[in-house]
Amino acid sequence: MNWIQTKTNLLRRFPPGARYLIGVSGGRDSVTLLDALVDLGYKKLIVCHLNHKLRKASDADARFVGKLVATYNKTIVGQAHLDFELGSVNVAALAKKKKMSIEVAARQARYSFFAEVATRCRCHTIFLAHHADDLVETFLINLFRGTGLTGLAAMREVATRGIDDVDLTIVRPLLSIWRDEIDSYVREHRLKFREDASNKNLLPLRNRIRRRVIPYLQKTLVRNIRQNIWRTATIAAEEENWIDNQMRVSPHHEDCLGVKGLRAMPVALQRRTILKWLRAQDVSGIGFEAIERVRSLLDPAARIARVNLPEDQHVRRRAGKIFIE
């Protein structure tokens, strides 16, 4: 049995004979996922790599992934083969233009690239290499922001995301696999990968949580908090799936929200709908205060019709609609 299959039954829902996109940065996580999937018989993958132009090594990363695809194709027997889609975006310029952080601009650029490839290749399912440690880190980031249950369950094994009018199904086969297990797989299979030096930079919040907060909590509490947080996030995701299926309002493809419809909802559903809508608009750093500011626009007596959001964005109420300026 393949390594991934020992950890999850997820891939039973995605037969290996079909075509899928896979995001490959060249780092150990995505290289591991690609190797494991090819070993499982996924030989019609479309490997997607976006050059962010952020580091001197970015061009070398792109060449590495291209050569990696060529190497696998030499081992694949028959007509099946891996395709390679390469994109390039100046993320620093994009962040400056849209007045957003580098991290948010990079994520937005990646998903736009995935959506563009999905449309052109008529393939709307993509494998991504987020793993269990990523889930724990995301849980803590959203916990500190006060995003509520919806935020705590933000990363799921299978999720649908609307990007540039494209519904992209995101599949994360490694979400129950830990970083040290990936490291063991890399050593055992002698995989080559590209090391991202920016992972050692403690300025991004995720890196500080990974390298400072989690080790401190584990040392202080003398227990494996990662496993407990992972379980909590998994439970939250399952509950979120059920709640989403009960909701009649889906804000993912809406440019604006109707004030009348939101007012008729219970407060819990107002907050949930606003959070999902803001995420669908690629607004980052959403916390409780941002959601409540948007919710304040529902008050009929409120004279304020414009509130601030993170990254120098604004939400306005006009003619019974709430929209982002």
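Cluster membership check: Phe323 does not share its hydrophobic cluster with Val259, using side-chain heavy-atom separations under 4.5 Å among Ile, Leu, Val, Met, Phe, Trp and Tyr. Both Leu221 and Phe139 are part of a single hydrophobic cluster, where members link through side-chain heavy atoms under 4.5 Å apart. Criterion: ILVMFWY side-chain heavy atoms under 4.5 Å apart, direct or through other members. Under it, Phe288 and Val315 are not part of a common hydrophobic cluster. Linking Ile, Leu, Val, Met, Phe, Trp and Tyr whenever their side-chain heavy atoms come within less than 4.5 Å leaves Ile225 and Ile235 in two separate clusters.
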Pair Ile126-Thr169, side chain to side chain contact (heavy atoms under 4.5 Å, CB included): steps then yes or no: CA-CA 6 Å; Ile126 184 167; Thr169 298; over 6 Å; no
- request: Any chance you could lay out the side chain to side chain contact (heavy atoms under 4.5 Å, CB included) test for Leu278 and Ile324, step after step, and finish with the verdict?
  value: CA-CA 9 Å; Leu278 289 174; Ile324 294 178; 4.2 Å; yes
What's the verdict on side chain to side chain contact (heavy atoms under 4.5 Å, CB included) for Ile286 and Asn142, showing C-alpha distance, side-chain angles and the deciding distance?
CA-CA 8 Å; Ile286 310 165; Asn142 289 333; over 6 Å; no
Notebook entry, point to check: Where do Glu137 and Arg179 land on the salt bridge (Lys or Arg N to Asp or Glu O under 4.0 Å) test, with the steps shown first?
Noted result: CA-CA 12 Å; Glu137 293 158 11; Arg179 185 177 287 114; 3.2 Å; yes
Open item on the list: side chain to side chain contact (heavy atoms under 4.5 Å, CB included) for Leu168 and Phe114? Distances and angles first, verdict last.
Closed with: CA-CA 8 Å; Leu168 197 62; Phe114 295 153; 3.8 Å; yes
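Residues Glu292 and Arg271 are in side-chain contact: their nearest non-hydrogen atoms beyond the backbone lie under 4.5 Å apart. No side-chain heavy atom of Leu45 sits under 4.5 Å from any side-chain heavy atom of Leu21. The shortest side-chain heavy-atom distance between Asp133 and Arg226 falls under the 4.5 Å cut-off. For the pair Ile163/Glu116, no side-chain contact is recorded, criterion being any heavy-atom separation below 4.5 Å from C-beta on. Side-chain contact between Glu238 and Thr234 is present, with heavy atoms from C-beta onward closer than 4.5 Å. You'll find the side chain of Val171 stays beyond 4.5 Å of the side chain of Leu128, heavy atoms only. Proximity of Tyr185 to Leu33: side-chain heavy atoms (C-beta onward) are nowhere separated by under 4.5 Å. Residues Val47 and Asp83 fail the side-chain proximity criterion, which asks for heavy atoms closer than 4.5 Å.
With 3.5 Å as the limit, one finds a donor-acceptor pair spanning the side chains of Thr138 and Arg206. If you check the side chains of Arg293 and Ser296, you find no donor sitting under 3.5 Å from an acceptor. Residues His52 and Arg110 bring a donor and an acceptor atom of their side chains to less than 3.5 Å of each other. For the residue pair Asn51 and Asp61, no side-chain donor N or O sits within less than 3.5 Å of a side-chain acceptor on the partner.
Put simply, NZ on Lys53 and CG on Asn90 are 8.5 Å apart, with the number rounded to the nearest 0.5 Å. We find the CG-CG distance between Leu217 and Leu140 to be 7.5 Å, quoted to the nearest 0.5 Å. Between atom CD of residue Gln227 and atom CD1 of residue Ile229 there is a gap of 10.5 Å, rounded to the nearest 0.5 Å. For the atom pair CD1 of Ile274 and CD1 of Ile322, the computed distance is 6.0 Å after rounding to the nearest 0.5 Å. In this structure, Arg295 CZ and Leu275 CG are separated by 13.0 Å, a value rounded to the nearest 0.5 Å. Note that the NE2 atom of His49 and the CZ atom of Phe64 stand 10.5 Å from one another [nearest 0.5 Å].
By the salt bridge (charged side-chain N to carboxylate O under 4.0 Å, His left out) test, Glu188 pairs with no residue at all, sequence neighbours left out.
The backbone N or O of Trp178 lies less than 3.5 Å from no partner atom in the side chain of His131, so there is not a single donor-acceptor pair. Side-chain atoms of Arg317 come within 3.5 Å of backbone atoms of Leu297 as a donor-acceptor pair (strictly under, hydrogens ignored). Listed for the Trp277 side chain is no donor-acceptor partner under 3.5 Å among the backbone atoms of Arg272. In this structure, the side chain of Tyr111 does not engage the main chain of Ala106 through any donor-acceptor pair within 3.5 Å. For the pair Gln270 (side chain) and Met265 (backbone), a donor-acceptor distance under 3.5 Å is present. For the pair Ser58 (side chain) and Arg55 (backbone), a donor-acceptor distance under 3.5 Å is present.
Other residues, nucleotides and ligands contribute over 12 non-hydrogen atoms within 6.0 Å of the CZ atom of Arg120.
Here Glu157 does not pair with Arg172 in a salt bridge; the nearest charged N to carboxylate O distance is not below 4.0 Å. The pair Lys321-Asp255 does not count as a salt bridge, with every side-chain nitrogen at least 4.0 angstrom from each carboxylate oxygen.
Side-chain rings of Tyr42 and Phe14 stay apart, their centers remaining 6.0 Å or farther from each other.
A side-chain hydrogen bond (donor to acceptor under 3.5 Å, both in side chains) with Glu325 is found for one member of Gln313, Arg316, Arg318 and no other, namely Arg316.
Here the closest heavy-atom approach between residue Ala109 and residue Val91 is recorded as CB-CG2, 4.4 Å. Ile46 approaches Arg19 most closely through the heavy-atom pair CD1-NH2, 3.1 Å. Across all their heavy atoms, Leu135 and Met155 have their closest contact at CD1-O, 3.5 Å. Summarising the geometry of Ala60 relative to Arg194, their closest heavy-atom pair is CB-NH2, 3.3 Å, with the distance given to 0.1 Å. Taking each heavy atom of Ala92 and Ile102 in turn, the nearest pair found is CA-CD1, 3.8 Å. In terms of heavy-atom proximity, Ser25 sits nearest to Ser30 at N-OG, 3.1 Å.
Screening residues 63-74 for side-chain hydrogen bond (donor to acceptor under 3.5 Å, both in side chains), with sequence neighbours left out, gives Asp35-Tyr72.
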